[in-house]
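Let me begin by presenting the structure, written as C-alpha cells, before commenting on it.
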Amino acid sequence: MTVKTRKNQVPSPAFLETVEEITRLYKSLPSRPSIEEVEAAISVIKTVSNEEQARLDDFGELECPQDVPQELFSVLQQARKTVVLFQSHEQRKEALYLVEADKMLEKIRWVDTKNFFGGFWGYPEGETDFYQFGARLKLVENGEVNSEKLSLMKVAAVIEKSAKTGAVVLDLRGKLMDRVEWLPLSIGKLSAITKLDLSENRIMALPTTISSLQALTKLDVHSNQLINLPGSFGELINLTHLDLRENRLRSLPASFVKLTKLEDLDLSLNQFTQLPETVGRVTRLKILNVMALPTTISSLKALTKLDVHSNQLINLPESLGELINLTHLDLRANRLKILNVETNELEEIPYTIGSCTSLVELRLDFNQLKSLPEAIGKLDCLEILALHYNRIRGLPTTMGQLSNLRELDVSFNELESIPENLCFAENLKKLNVANNFADLRYLPRNIGNLELLEELDISDDQIRVLPDSFRLLSKLSVFRADETPLEIPPRQVTILGAQAVVQFMADLVNKGDADTPLSKKKKVCSILWPFQEQLNHLVDKMLEVICLASMCIVIDE
C-alpha cells in the first residue's frame with residue numbers, strides 16, 4: 001500500500017526514515033499504564049501514607065518503660081520509625097514508578113500521531129489510543145485471581161479491575177505477598193461484591209472503607225493477623241456469613257450489633273479473654289464457633305449449632321438451656337467445672353441441659369466430668385452422645401429414655417456399671433464402653449434388647465462372662481474385646497468375629513448348660529451379676545457339701 005502525505009503526495013525517503021525512527025523509539029518504550037492501573041497506584045500511595053502516619057503516631061504515644069534509659073528508648077523509637085519508613089518506601093516504590101511513567105508517557109499523543117499518519121502505525125482494529133493498545137495486566141478472570149503472589153500495587157489493580165467490571169465474587173485467598181499487611185483504601189469501590197475471600201494471608205488491619213461493601217453477604221478473613229476490626233464494620237448490614245477464626249482479635253467493635261442478618265459466625269482461635277456481649281445481640285445467628293460463651297447467649301434463639309471445643313471452659317451458663325433450637329453442641333476438650341461453695345470439687349454440666357430438647361449430637365469428650373445429670377434423659381432427639389476421656393463412674397438411669405440414641409461412647413472413663421435401663425434405648429447401633437480398665441466387670445443382663453446393635457467394644461475391661469441375652473444381637477457385625485479376660489465365650493471364639501460369639505452364646509443357652517458343676521456355677525452368676533463374688537463362694541461351699549455327702553453315701557454302701 002502506498003503511503004501518502006495529507007496532500008496525497010508520495011512521502012520522501014527522509015519522511016519515511018523519520019517515521020521509522022519514531023516507530024522504533026516508541027516501540028522501545030513500555031506500554032502506558034491503563035486508567036485502572038493509574039488509579040490503583042494512586043490508591044496505594046494514599047493507603048501507604050495513611051498507614052505510615054498511623055504507625056508513627058502510635059510510636060509517638062509510647063512511654064519509656066521503667067529501668068530503661070531515655071537515650072536507649074529514643075534509639076529504639078528511631079529504629080522503629082526507620083523500619084516503618086523503609087517498609088512504606090518499598091510499598092510505594094512500584095506505585096510511584098507507575099505514576100511517574102504515566103506522566104512521562106502522557107506526553108506522547110498516540111491518538112494525534114495516528115490521525116496524522118492516517119493509520120500508518122498499524123493499530124489493531126478497534127484500538128483508538130494508548131490505553132487500549134499494548135499488553136494489559138491480566139490478573140482477574142471470572143472472579144478468580146491468577147496464582148502469582150500479589151504485591152500491594154497488584155492488589156489495588158485487581159480491585160480497580162473488579163470494580164470496573166462489576167464483579168460479585170473476589171477470591172484473594174493466600175494470594176498476597178507476605179509483606180502485604182493491609183489493603184488499599186480503594187477496596188471500598190467494590191460495591192457489587194457479594195462474596196470476598198481474604199483468608200490465609202498476613203493482613204493486620206482492614207481499611208475503614210470496607211464498610212462501603214453494602215452488597216457483601218459472605219466475608220472470609222480467617223488465618224490472618226487481624227488485631228481489631230474497623231469501627232464502621234457494623235455497616236456491612238447484609239453480611240450473613242463471617243469467618244474470623246485464627247486471628248489476633250481481642251475485642252469486637254460496638255457497631256457489631258448492627259449485623260442483624262448474620263447467621264454463621266466463627267471467632268475461634270483468637271485472643272479473646274471473654275466473648276463480647278455484643279455477640280449475644282446478633283439474634284439471627286444459627287451457627288456459632290467461639291472460645292467462650294457470653295452471658296447473653298440465651299438471646300440467640302435461632303442458634304442451631306454451637307461449637308466451643310478445645311478451649312478452657314470451666315463452666316456453662318445456666319441460660320444455655322434456653323437455646324431451644326440447638327441441634328449440635330460440641331464441647332470437646334474443655335475443663336468443665338461448676339464450682340460448688342461447699343465441696344469446691346463438684347464437676348458437672350447444668351441440669352438445664354435437659355431443656356435443649358432439639359439436640360441431636362452432644363460431644364463432651366476430654367473433660368473432667370464425673371457424672372451426667374438425670375435431665376439428660378429429656379433429650380428426646382439425641383442421636384449421638386460422646387463422653388470418652390472423662391471420669392464418669394455411672395450413667396444416669398434416665399438413659400433408657402433416649403429413644404433416638406444411635407451412638408454412645410463412654411470409653412476411657414471409670415465406669416463401674418451400665419444401667420439396665422440403657423437396654424430400653426432400642427435404636428442404639430454403636431456402643432463403646434472400652435478402656436474402663438479395672439472398673440467395668442459386667443454388661444447389662446438384658447443387652448439382648450438392643451436388637452439393632454451393630455458395633456460393641458468392651459476392650460480393656462474386666463468382663464469375664466457375657467450375659468445369656470447376648471445371643472439375641474443378630475445384627476452385631478463388630479465386636480471388640482481386646483485385652484479383656486473373657487472366659488465365656490473363650491478367646492478362640494471371639495477372634496472368629498461378632499456373629500461367632502452370638503452363635504456360641506445361643507448354643508450355650510440352648511443346651512441348658514446343665515452338664516457340669518462349673519457350667520451351673522457360671523449360669524447362676526450370669527443371672528445374679530451384682531452378687532457374683534458372694535455366689536461364687538456359696539456355690540463352691542455347696543459343691544464341697546455335695547461331694548462330702550456323696551463320699552459318705554459311698555462309704556455307707
Legend entry - Asn50 side chain to Val48 backbone, donor-acceptor under 3.5 Å: no

Legend entry - Sidechain-backbone polar pair: Glu235 side chain, Ile210 backbone, donor-acceptor under 3.5 Å: no

Inset, instruction - May I ask you to test the Leu206-Trp182 pair for a side-chain heavy-atom distance under 4.5 Å? - result: no

Inset, instruction - May I ask you to say whether Arg173 pairs ionically with Glu200, meaning some side-chain N is under 4.0 Å from a carboxylate O? - result: yes

Inset, instruction - Would you give the length of the straight line joining atom NZ of Lys81 to atom CD of Gln77, rounded to the nearest 0.5 angstrom? - result: 6.0 Å

Inset, instruction - Determine yes or no for a side-chain-to-main-chain donor-acceptor pair under 3.5 angstrom, with Asn201 supplying the side chain and Ile203 the backbone. - result: no

Inset, instruction - Identify the heavy atoms of Lys258 and Gly234 that sit nearest to each other, and give their distance. - result: CB-O, 3.3 Å

Legend entry - Closest contact, heavy atoms only, Ile353 versus Pro373: CG2-CG, 4.0 Å

Inset, instruction - Answer yes or no: does atom NZ of Lys164 have more than 12 heavy-atom neighbours from other residues, nucleotides or ligands under 6.0 Å? - result: no

Inset, instruction - Would you confirm whether Asp365, through its side chain, and His388, through its main-chain N or O, come within 3.5 Å as a donor-acceptor pair? - result: yes

Inset, instruction - Check Thr240, Leu259, Leu288 against Leu265 for a side chain to side chain contact (heavy atoms under 4.5 Å, CB included) and give me the one that passes. - result: Leu288

Inset, instruction - Compare all side-chain heavy atoms of Val169 with those of Ile193 and state whether any distance is below 4.5 angstrom. - result: no

Legend entry - Worked check of side-chain contact (heavy atoms from CB on, under 4.5 Å) between Glu361 and Glu383: CA-CA 6 Å; Glu361 182 176 345; Glu383 296 177 5; over 6 Å; no

Legend entry - Minimal non-hydrogen separation, Gly188 against Ser212, with atom names: O-CB, 3.5 Å

Inset, instruction - Locate the shortest heavy-atom distance separating Leu359 from Leu362; write the atom from each residue and the value. - result: CD2-CB, 4.0 Å

Inset, instruction - To the nearest 0.5 Å, tell me how far Ile392 CD1 sits from Gln368 CD. - result: 11.0 Å

Legend entry - Residues Arg92 and Glu52 bridged, charged N to O under 4.0 Å: yes

Legend entry - Heavy-atom closest contact (Pro230 atom, Pro253 atom, distance): O-CG, 3.7 Å

Legend entry - Identified side chain to side chain contact (heavy atoms under 4.5 Å, CB included) partner of Thr47 from the options Pro184, Ser186, Pro207: Pro184

Inset, instruction - Ignoring hydrogens and angles, tell me if any N or O in the side chain of Asp409 forms a donor-acceptor pair with the backbone of Ser411 under 3.5 Å. - result: yes

Legend entry - Backbone N/O of Asp178 and side chain of Glu181: donor-acceptor pair under 3.5 Å: no

Inset, instruction - Say whether, by atom type as modelled, one donor and one acceptor occur between the side chain of Asn367 and the main chain of Leu369 under 3.5 angstrom. - result: no

Legend entry - Min side-chain heavy-atom separation Val180-Leu150 under 4.5 Å: no

For residues 58-65, dump all side-chain donor-acceptor pairs below 3.5 Å to protein atoms at least two apart in sequence or in another chain.
none

Legend entry - Gap between atom OG1 of Thr283 and atom CG of Leu262 - 0.5 Å precision: 10.5 Å

Legend entry - Non-neighbouring partners of His241 that pass ring pair (Phe, Tyr, Trp, His ring centres under 6.0 Å), sequence neighbours left out: none

Inset, instruction - State, yes or no, whether a side-chain contact exists between Leu239 and Leu219 at a heavy-atom distance under 4.5 Å. - result: yes

Legend entry - Leu285 and Val279: CA distance, side-chain angles, deciding distance, side-chain contact (heavy atoms from CB on, under 4.5 Å) verdict: CA-CA 9 Å; Leu285 270 181; Val279 173; 4.2 Å; yes

Inset, instruction - Please lay out, stage by stage, how Leu216 and Thr194 fare under the test side-chain contact (heavy atoms from CB on, under 4.5 Å). - result: CA-CA 4 Å; Leu216 194 64; Thr194 60; 5.7 Å; no

Legend entry - Atom pair CD/CG of Glu246 and Leu267 - distance to nearest 0.5 Å: 12.5 Å

Inset, instruction - Any chance you could measure Gln214, atom CD, to Ile237, atom CD1, to the nearest 0.5 Å? - result: 5.0 Å

Legend entry - Intermediate values then yes/no, side-chain contact (heavy atoms from CB on, under 4.5 Å), Leu176 and Leu198: CA-CA 9 Å; Leu176 278 56; Leu198 302 170; 5.8 Å; no

Legend entry - Main-chain N/O of Asp220 paired with Ser199 side-chain donor or acceptor, under 3.5 Å: no

Legend entry - Side-chain heavy atoms of Lys149 within contact of Lys175, under 4.5 Å: no

Inset, instruction - Please answer whether the main-chain N or O of Lys301 pairs with a side-chain N or O of Asn325 as donor and acceptor at a distance below 3.5 Å. - result: yes

Legend entry - Side-chain touch Leu226/Asn270, heavy atoms, less than 4.5 angstrom: no

Inset, instruction - Please tell me if the side chains of Gln271 and Leu249 come closer than 4.5 Å, counting only heavy atoms from C-beta onward. - result: no

Inset, instruction - Please list, chain by chain and in numerical order, all residues satisfying ring pair (Phe, Tyr, Trp, His ring centres under 6.0 Å) with Phe412, sequence neighbours excluded. - result: Tyr389

Legend entry - Nearest heavy atoms of Val221 and Asn224, plus distance in Å: O-ND2, 3.1 Å

Legend entry - Distance in Å, Asp243 CG paired with Lys218 NZ, rounded so as to fall on 0.5 Å steps: 8.5 Å

Legend entry - Test item: Asn247 side-chain N/O and Asn228 main-chain N/O as donor-acceptor pair under 3.5 Å: no

Inset, instruction - Please examine the side chains of Leu190 and Leu170, heavy atoms only from C-beta on, and report whether any two atoms are closer than 4.5 Å. - result: yes

